[in-house]
Amino acid sequence: MNDAASQPGSWPKVLLTGAQMLFVAFGALVLVPLLTGLDPSVALFTAGVGTLVFHAVTRKTVPVFLASSFAFIAPIQGSIANFGIPATMGGLMASGLVYVLISQAVRLRGTGWLNRLLPAVVVGPVIMVIGLALAPVAVSMATGETSDTIGYGQAIFLSMASLLVTLVLAVFGRGLLRLIPIMGGIVTGYALSLIMGVVDFTPVHEAAWLALPSFTAPSFHWAAILFMIPVAIAPAVEHIGDMVAIGSVTRRNYLEKPGLHRTLLGDGLATTTAALFGGPPNTTYSEVTGAVTLTRAFNPNYMITAALLAIVLAFVAKLGALLQTIPGPVMGGIMTLLFGSIAVVGMNTLVRAGQSLTAPRNLVVVSLILVFGIGGMQFGGGQFTLQGVSLAALVGIVLNWVLPREKEGE
C-alpha cells in the first residue's frame, strides 16, 4: 500500500478527509434512528464511539467507519413495539455478544477455511450485491422521490450537478482536491440548493446550540434477548464481505491481519457499546468504503477523525440540524457513484480470480447470488425475513459447498 493517500499528511488534510467520510455516512447514519424511533444524536455519538472501539480492537489497521445498521431496522421496530426501548437495547447488547462468540470461534479455528468457504466466485458477486442492491435508494434520492418539497426537475439538476463535480474532482483533481471530491459535490449541491431556495432552515432555528443526546440505559428481559439474538447471524456474514471489499480496495488481506476474529470482535463490541447508550447497532458502512475507493484515503486516522467529529456533532445540536438540511437529491447524486464503486470492486474481485464465469458451476453460483440479492428474493416472514445481502451471501456459501467442483481441464 504505497499510495500517497495512505499517509496521514497534515492536520487540515486529515480533518477535511475525516469530515468528508462523516458527510458520506451521515444520511444513512441518522436514517436508521429516524425510522426506528431512536434519537439521531445518540446514533451519531454511538457511531463515533463504536468506530473508536473498533479501531482500538483492530489496532488502527482497517480504514472503515461504523454506524447504524440497516439490517436491524425491522427487528428494532418490532422489539420496541413489544418490549420498549430499554429492553430492546438489552437485546441488542446480546446481539453484539454473538459477534464476540463468533470472533472467538474464528480465532480458535483460524482463517484457512475461509478461502474454501468464501472463494472469489462467492465473494465477488456478494460485494456487487452490496453496492447494486442499494442502487434504487440512490436513484430515488437523486430523482426527488424522498423529498416532499423538491420536484423532479429540480432534483435531477441538483443531483447531477453534485455528481458531476464529484467525478470531475475524483478524476482530474490533484493534491488536496483529489481527497475531497465528495465534499466538493456536497458543497456545490448545497450552494445550488440555497440559490434555488429549497433548503428548509426550520430545524436549525428550533435546535439549541448545545444539547445532551437522549441516552437510554438498557434493561434485560429474556424475551427481548431471544427475539434479537438470531438477527445478528446474517449481519455477521455480511461483515466478512465488507472486510473483503475494503481489502480489495486497499490491496490488503484484513482476514489475516489484523484477523477476522479481531474485526468481528471490534464490530461486536461496537454494537454492544452502542446499545449501552441507547443507539442502534453498528456495522461497517459500504458508503464509506466507496468513498475510500474514490479518494484512495487508506489511512485509518481519517476514520478516527470522522468518529471524533461524530461525537462532537452529537452534542452540537445546531450543527446536526444543519447537516439534516442537506437536500436528499444532493446526497442521492453522490450515492449513485459510491454504490457503483462498490459493485466495481466486486467485479474486479472476480476478474482477478481468473476463473471462467461461463463454467456451469460458477455460472450457477454467480447468477443466483446476483438475482437473489438484487431482485428482492426473501425467505421467512415477519421479523425474521432473510433477504438482500445476507440471503445472497448464504446462498453463495451453500451452493459453493454442495456443488461438485470441476476437474482441471474441464
Side-chain angles (χ1 to χ4, degrees), residues 8 14 18 21-22 24-26 28-30 32-33 38-72 76 88-107 213 215-218 228-229 231-232 235-236 238-240 242-243 246-247 254-255 257-289 292 299-315:
V14 173
M21 298 304 172
L22 180 57
V24 170
F26 185 84
L29 191 166
V30 298
V32 174
L38 302 179
D39 189 289
S41 293
V42 174
L44 266 172
F45 178 84
T46 55
V49 172
T51 299
L52 294 179
V53 168
F54 178 89
H55 284 287
V57 172
T58 58
R59 300 170 184 173
K60 294 202 305 182
T61 52
V62 190
V64 294
F65 183 84
L66 281 71
S68 313
S69 172
F70 276 68
F72 284 86
I76 290 174
T88 297
M89 292 302 118
L92 292 173
M93 285 190 71
S95 294
L97 295 178
V98 171
Y99 281 75
V100 174
L101 292 176
I102 295 174
S103 74
Q104 296 312 299
V106 170
R107 181 178 65 84
F215 296 124
T216 302
M228 197 63 71
I229 279 180
V231 184
E238 187 176 335
H239 171 91
I240 300 172
D242 290 336
M243 287 301 103
I246 189 64
Y254 296 120
L255 301 185
K257 183 181 180 181
L260 180 61
H261 64 288
R262 284 191 178 275
T263 64
L264 276 169
L265 178 62
D267 204 335
L269 292 179
T271 290
T272 299
T273 303
L276 186 63
F277 289 95
N282 283 317
T283 187
T284 50
Y285 259 29
S286 299
E287 296 95 322
V288 177
T289 299
V292 170
N299 195 288
N301 283 332
Y302 297 130
M303 303 305 170
I304 292 173
T305 302
L308 294 173
L309 289 172
I311 293 172
V312 171
L313 197 62
F315 292 92

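If you read the sequence from its start, that first residue is 1, and numbering goes on from there.
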Do T61 and R262 have side-chain heavy atoms sitting under 4.5 Å apart? no

Once side chain to side chain donor-acceptor pair (under 3.5 Å) is applied, do any residues pair with T88, and if so which ones, sequence neighbours excluded? S79

Sorted by chain and residue number, the side-chain contact (heavy atoms from CB on, under 4.5 Å) partners of S41 (sequence neighbours excluded) come out as D39, P213

In this structure, OG1 of T58 is separated from NE2 of H261 (nearest 0.5 Å) by 11.0 Å

Taking all heavy atoms of V292 and all of P63, pick out the closest pair and write down the distance. CG2-O, 4.0 Å

Between F54 and G266 the two heavy atoms that sit nearest each other are CD1-C, 3.7 Å

From S103 atom OG to L265 atom CG, the distance as rounded to the nearest 0.5 Å: 4.5 Å

Quick one: closest heavy-atom pair of A310 and L44, and the distance? CB-O, 3.6 Å

Side-chain donor-acceptor pairs of residues 268-277 under 3.5 Å, sequence neighbours excluded:
unit_1: T271; atom_1: OG1; unit_2: D267; atom_2: O; d: 3.3
unit_1: T271; atom_1: OG1; unit_2: N282; atom_2: N; d: 3.3
unit_1: T271; atom_1: OG1; unit_2: N282; atom_2: O; d: 3.1
unit_1: T272; atom_1: OG1; unit_2: M93; atom_2: O; d: 3.4
unit_1: T272; atom_1: OG1; unit_2: G268; atom_2: O; d: 3.0
unit_1: T273; atom_1: OG1; unit_2: L269; atom_2: O; d: 2.7

Heavy-atom closest pair (M243 atom, V64 atom, distance to 0.1 Å) is CE-CG1, 4.2 Å

Can you check whether D242 reaches I246 side chain to side chain, under 4.5 Å on heavy atoms? no

In short, P258 meets V62 closest at the heavy-atom pair CD-CG2, 3.8 Å

Taking all non-hydrogen atoms of both residues, which atom of G279 and which atom of M89 are closest, and how far apart? O-SD, 3.6 Å

Give me the one residue out of I240, L260, L101 that meets side-chain contact (heavy atoms from CB on, under 4.5 Å) with V106. L260

Side chain Y285, main chain S68, donor-acceptor under 3.5 Å: yes

Mind checking the CG-CG spacing from L97 to L92? Nearest 0.5 Å is all I need. 11.0 Å

How long is the span from the CZ atom in F45 to the CD1 atom in I311, to the nearest 0.5 Å? 6.0 Å

d(M21 CE, M303 CE) to nearest 0.5 Å is 4.5 Å

Can you name the residues that form a side chain to side chain donor-acceptor pair (under 3.5 Å) with T263, not counting sequence neighbours? H239

Measuring from L313:CG to L308:CG, what's the distance to the nearest 0.5 Å? 12.5 Å

The single option from V24, T51, I304 that satisfies side-chain contact (heavy atoms from CB on, under 4.5 Å) with F65 is T51

Tell me every residue that passes side chain to side chain donor-acceptor pair (under 3.5 Å) with K60, counting only those two or more places apart in sequence or in another chain. N301

Could you list the residues that satisfy side chain to side chain donor-acceptor pair (under 3.5 Å) with R107, not counting sequence neighbours? Q104

